[in-house]
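Have a look at the structure below, then the notes.
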Amino acid sequence: MKKINNQFEEFGGKYIPETLMPLINELEEKYFQLRNDKNFQSELNKLLIEYAGRPTPIYYAKNLTKKIGGAKIYLKREDLLHGGAHKINNTLGQALLAKKMNKNRVIAETGAGQHGIATAMACAILALESEIYMGRTDGARQKINLLKMKLLGSKIHLVNSGSQTLKDAINEAIKDWIKNVNNTYYLIGSVVGPHPYPTMVRDFQSIIGKEIKLQMYKKNKKHPDIAIACVGGGSNAIGTFYPLLNTNTELIGVEAGGRGLKTDDHAATLNRGSKGILHGMMTYILQDNDGQIKNTHSISAGLDYPGVGPEHAYLMNKKLAKYEIVNDDEAFNAFLLLSKTEGIMPALESAHAVAHAIKIASEMKKSRSIIITISGRGDKDIEIINKMLNYV
Ligand SMILES: *Cc1c(COP(=O)(O)O)cnc(C)c1O
């Protein structure tokens, strides 16, 4: 096989139709120009501080630490950002890039709606038009998010093809992009897709890890022993990991084990997938023997994706990061425990990272430290939680 020119050895690349190549190449050129442009960076920084609410605090979870009785557990509070999740770090970056490229129309796909909302917000503040593709089934499941996107000024396209979910929304967004090359920017929501998206989104999310590095060092005069983040597409995890790669911090990503790896109802792409091509990238994917994409499951919509960012595939194979599994019920219990001990309801995605920290902290010395990235807040998930508890 020919050696592909990309960032992550055999992973990543630009596995796209020829008609998209000029678009992707233009994006690549412009992004790498602006990446080191002082004006671009200071404009973005201003938005992150004044609009999104950065820097987010590090919180020492004293009660949880005491309860588990081992390593000190710290939380990186991305749940406190505008919109309630890390996604705004990326959408502000890419929307600003769209503006600099004179593309006044932004399109995006969304599954559960979180990326759609973050895109709508970033486009509103930068006075860009936004149009969001969403599968009709997803739209029906996530009515409130659909409403939020509309109120924030986005036009919504409900997609009727296929299973009427995320992958169908992606297909329609790509068709739109090919048709409207001149004025349209495609804003992808995680470290996935053809190069340069995985690198670009990683750069925008790396603010998480950069802050962790400074804040934890200030608190403890050393780096954290372990950093843990959940992995869907992998953007909050790579944002956490990347700045810590040159330290002695052990990096652990947590995949959704769903109803268990003995079943087919999970989204453990790195642990159970095989190499393949999806959405323009070479990475690990959950596929059958014919190369068809398998259905995935997770209690958390954000982790329910059959692929994973190519840089995680690379980090795993190089043994620079480890990827563990947490099942639905463990994430559910971690949600309840963090809510009760610290008064913080984590997103069910983030609860996967919390659950893994709980598993390992008790085995560690009290002098050691774990930082967990809380990628988002749990308000969006309380109906799912209530269904399981029957509280109200
Ligand atoms: C979307 C989302 C995720 C999963 O996306 P990554 O790209 O893997 O970070 C995780 N947590 C929350 C709160 C999300 O909204």
Side-chain angles (χ1 to χ4, degrees), residues 6-7 12 14 21-57 76 78 80-83 85-108 115 117-131 152-154 177 180-215 235-236 238-246 309 311:
N6 62 37
Q7 307 277 305
K14 298 173 181 168
M21 275 309 272
L23 282 167
I24 283 288
N25 289 340
E26 182 197 2
L27 174 64
E28 182 178 5
E29 193 182 318
K30 192 70 189 176
Y31 174 63
F32 284 99
Q33 268 170 26
L34 287 175
R35 192 192 205 187
N36 300 316
D37 181 296
K38 282 217 176 77
N39 289 331
F40 179 82
Q41 291 303 338
S42 75
E43 247 179 277
L44 178 56
N45 220 21
K46 192 162 187 262
L47 285 169
L48 289 170
I49 293 167
E50 295 177 2
Y51 183 72
R54 301 215 72 89
T56 60
K76 177 62 171 165
E78 294 298 289
L80 293 177
L81 286 173
H82 182 46
H86 68 293
K87 289 198 162 72
I88 195 86
N89 299 327
N90 170 44
T91 57
L92 284 173
Q94 286 194 63
L96 190 60
L97 175 61
K99 190 131 193 147
K100 301 289 173 198
M101 291 174 76
N102 293 317
K103 312 253 180 193
N104 288 319
R105 177 176 178 267
V106 169
I107 57 170
H115 174 57
I117 292 171
T119 300
M121 285 170 172
C123 289
I125 195 176
L126 290 168
L128 298 163
E129 271 176 58
S130 61
E131 298 189 23
L152 292 163
S154 289
W177 201 28
N180 300 293
V181 189
N182 288 327
N183 69 338
T184 298
Y185 182 93
Y186 183 17
L187 205 162
I188 292 185
S190 188
V191 283
V192 299
H195 181 71
Y197 282 103
T199 300
M200 182 166 73
V201 178
R202 177 252 278 156
D203 290 349
F204 290 138
Q205 292 293 0
S206 287
I207 185 81
I208 303 172
K210 282 182 200 154
E211 287 179 7
I212 288 176
K213 206 168 165 180
L214 288 173
Q215 291 167 314
S235 70
N236 87 88
I238 211 77
T240 300
F241 296 173
Y242 191 70
L244 293 168
L245 274 170
N246 63 359
E311 193 164 6

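Here, residue 1 is the first one in the sequence, and each next residue gets the next number.
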> Have Asn90 and Gln205 got a donor and an acceptor in their side chains that come within less than 3.5 Å?
Replying inline: no
> Do side-chain atoms of Trp177 reach the backbone of Thr184 as a donor and acceptor pair under 3.5 angstrom?
Replying inline: yes
> Which pair of heavy atoms, one from Asn236 and one from Thr240, lies closest together, and at what distance?
Replying inline: O-OG1, 2.8 Å
> Are the side chain of Gln41 and the backbone N or O of Arg35 linked by a donor-acceptor pair below 3.5 Å?
Replying inline: yes
> If every non-hydrogen atom of Pro198 is compared with every non-hydrogen atom of Gly193, which pair is closest and at what distance?
Replying inline: CG-O, 3.4 Å
>> For Leu126, is there any backbone N or O sitting under 3.5 Å from a side-chain donor or acceptor partner on Lys99?
In response: yes
> Do we see a donor-acceptor contact under 3.5 Å between the side chains of Thr91 and His115?
Replying inline: no
> Do the side chains of Lys210 and Pro243 get nearer than 4.5 Å, heavy atoms only?
Replying inline: yes
> Would you say the side-chain atoms of Asn183 and Glu129 include a donor-acceptor pair closer than 3.5 Å?
Replying inline: no
> For Ala52 and Leu92, which heavy atoms make the closest approach, and how far apart are they?
Replying inline: CB-CD1, 4.0 Å
> Looking at side-chain heavy atoms only, is the closest gap between Ile24 and Tyr197 below 4.5 Å?
Replying inline: yes
> Between Tyr186 and Asn180, does a side chain to side chain contact (heavy atoms under 4.5 Å, CB included) hold up when you go through it step by step?
Replying inline: CA-CA 10 Å; Tyr186 183 17; Asn180 300 293; over 6 Å; no
> Any side-chain heavy atom of Ile107 within less than 4.5 Å of one from Leu187?
Replying inline: no
> Taking the side chain as C-beta and beyond, is there a heavy-atom pair between Glu29 and Leu34 under 4.5 Å?
Replying inline: no
>> Is the shortest side-chain heavy-atom distance between Lys100 and Glu43 below 4.5 Å?
In response: yes
> Could you go step by step and tell me if Tyr185 and Arg105 meet the side chain to side chain contact (heavy atoms under 4.5 Å, CB included) rule?
Replying inline: CA-CA 6 Å; Tyr185 182 93; Arg105 177 176 178 267; over 6 Å; no
> Can you tell me how far the CD atom of Glu26 sits from the CE atom of Met101, to the nearest 0.5 Å?
Replying inline: 4.0 Å
>> Return the CD1 to OG distance between Ile208 and Ser235, rounded to the nearest 0.5 Å.
In response: 7.0 Å
> What heavy-atom pair brings Gly93 and Phe40 nearest, and what distance separates the two atoms?
Replying inline: O-CZ, 3.8 Å
> Any chance the side chains of Lys103 and Asn182 put a donor and an acceptor closer than 3.5 Å?
Replying inline: no
>> Determine whether Gln94 and Val201 satisfy the following criterion, side chain to side chain contact (heavy atoms under 4.5 Å, CB included), listing intermediate values before the conclusion.
In response: CA-CA 8 Å; Gln94 286 194 63; Val201 178; 3.5 Å; yes
> Does any non-hydrogen side-chain atom of Leu97 lie less than 4.5 Å from one of Leu27?
Replying inline: yes
>> Please find the pair of heavy atoms, one from Leu152 and one from Ala120, that lie closest to each other, and give the distance.
In response: CB-CB, 3.8 Å
> Can you check whether His86's main-chain N or O pairs, donor with acceptor, with Asn89's side chain at less than 3.5 Å?
Replying inline: yes
>> What I'd like to find out is whether the side chain of Asn246 reaches to under 4.5 Å of the side chain of Lys213, using heavy atoms alone.
In response: yes
> From Ile212 CD1 over to Phe241 CZ, what is the distance, rounded to the nearest 0.5 angstrom?
Replying inline: 9.5 Å
> Just by distance, with hydrogens left out, do Asp203 and Tyr242 show a side-chain donor and acceptor under 3.5 Å apart?
Replying inline: no
> Considering only heavy atoms from C-beta outward, does the side chain of Met200 approach that of Glu28 to under 4.5 Å?
Replying inline: no
> For the atom pair CE (Met121) and OG (Ser154), what is the distance rounded to the nearest 0.5 Å?
Replying inline: 10.5 Å
>> Could you report the tightest heavy-atom contact between Leu44 and Leu96, atom names first, then the distance?
In response: N-CD2, 3.7 Å
>> Which residues pass the salt bridge (Lys or Arg N to Asp or Glu O under 4.0 Å) test with Glu211, not counting sequence neighbours?
In response: Arg54, Lys76
